[in-house]
Amino acid sequence: MPQTGKPQKIGAVKQITSHSNPIVKEIKGLVAQRKHRTQSGLFVAEGLKLATDAMAAGWGVRYLALGPEARDNPVAQKAAATAKARGALILEVSTAVMSAMTRKDNPQMVVGVYEQNIVSARDIDPQGTTVWVALDRVRDPGNLGTIIRTVDAVGGGGVMLVGDCTDPFAVEAVRATMGSLFHVPLAKMTKDEFKALAKDWPGTVAATHLKGSVDYRTPDYKQPALLVMGNEQKGLEDDMAEACRTLIRIPQVGEADSLNLAVATGISLYEIRRNHLELS
């Protein structure tokens, strides 16, 4: 969550050598269980790149753990200094302790614990945005993370999570975003909230669907566009499809019966944004 304009309490540095330290246990719980992430409003992101992305985005940070390799790394030290200035506790740990926290034999040199940031349906203002993606019951964290990364790449407005979706703050999902989590707004909503939002959406509302009769390249995707994608196994539920104005389909000529959700979303997003993207 980006920091507010309020003065921040300066953080501290703490050395941790024991696997049984309460902070180590807390971080292990955040890695392992969604309920701990939900209850605390925190999540874990592994790696120096994600730490630098989070700091550049002004994201709220609780802990930043540094392994031995990070102590002589100027980029890691800069991230740690920024995190400390924002009130974070900087943890100096051994490789063994880092492995215990992340459940990895070869952990990253930096592991951060950050504040979650989720908005509601009523907080979404489509005016002035380019394209939002709504995901109906997405289940795979890798798919979700890749879609967030792709929305970032095309300059999208954000991602809506409709119904019972996988946790966007699971370690696997965060890793798949490659740092885009810190730049792409996320919203959670019920199916009914989505239907009300789609009804009043000022631009194109298009959904990929097996019953779609419109080639995905055909619509005039008037901004702001809303692209609606269904569950990996079951696709988009009929009542969700009925809330959309256009049902599109991606042509296929081979023997594959379907496309991966993240791939189909990426193909559709680049078509929607085709006239707005240029090589720099």
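Counting from 1, the numbers follow the sequence of the chain as shown. Since this is a predicted model, take the numbers as computed values, not measurements.
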For atom CG of Asn106, is the number of surrounding heavy atoms from other residues, nucleotides or ligands below 6.0 Å larger than 12?
-> no
Hey, any chance Met109 and Leu50 share a hydrophobic cluster, counting ILVMFWY side chains that come within less than 4.5 Å of each other, even indirectly?
-> yes
Would you call the rings of Phe169 and Phe43 parallel, tilted or perpendicular if under 30° counts as parallel and over 60° as perpendicular?
-> tilted
Does Gln116 use its side chain to pair, donor to acceptor, with the backbone of Leu42 at less than 3.5 Å?
-> yes
Steps toward side-chain contact (heavy atoms from CB on, under 4.5 Å) verdict (Asp239, Lys195) | CA-CA 9 Å; Asp239 60 337; Lys195 291 177 182 178; 3.1 Å; yes
Kindly work out whether a path of hydrophobic side-chain contacts (I/L/V/M/F/W/Y, heavy atoms less than 4.5 Å apart) joins Phe194 to Val138.
-> no
Do Arg137 side-chain atoms and Gly235 backbone N/O form a donor-acceptor pair below 3.5 Å?
-> yes
Determine all donor-acceptor pairs shorter than 3.5 Å in which one atom belongs to a side chain in residues 149-165; sequence neighbours excluded.
unit_1 : atom_1 : unit_2 : atom_2 : d
Thr150 : OG1    : Thr146 : O      : 2.8
Asp152 : OD2    : Ser180 : OG     : 2.7

Find the distance between CD1 (Ile27) and CZ (Arg62) and round it off to the nearest 0.5 Å.
-> 11.0 Å
Heavy-atom nearest pair, Leu64 first then Ala80, reads CD2-CA, 3.7 Å
Spell out, yes or no, whether Trp132 and Leu144 are grouped together once hydrophobic residues are joined by side-chain heavy atoms under 4.5 Å, including indirect joins.
-> no
Any donor-acceptor pair under 3.5 Å from Glu232 side chain to Arg139 backbone = yes
Please say which of Lys35, Gln33, Arg37 ends up in a side chain to side chain donor-acceptor pair (under 3.5 Å) with Asp167.
-> Arg37
Any link between Val61 and Val13 through a network of hydrophobic side chains (Ile, Leu, Val, Met, Phe, Trp, Tyr) touching at under 4.5 Å?
-> yes
Do Trp59 and Tyr114 have their ring centres less than 6.0 Å from each other?
-> no
Is it true that the side chains of Glu271 and Tyr221 contain a donor and an acceptor less than 3.5 Å apart?
-> no
Should Thr52 and Lys78 count as side-chain neighbours, where that means a heavy-atom distance under 4.5 Å?
-> no
Donor-acceptor pair between Glu46 and Gln108 side chains, under 3.5 angstrom = no
What is the distance from atom CG of Asp136 to atom CG of Asn231, rounded to the nearest 0.5 Å?
-> 7.0 Å
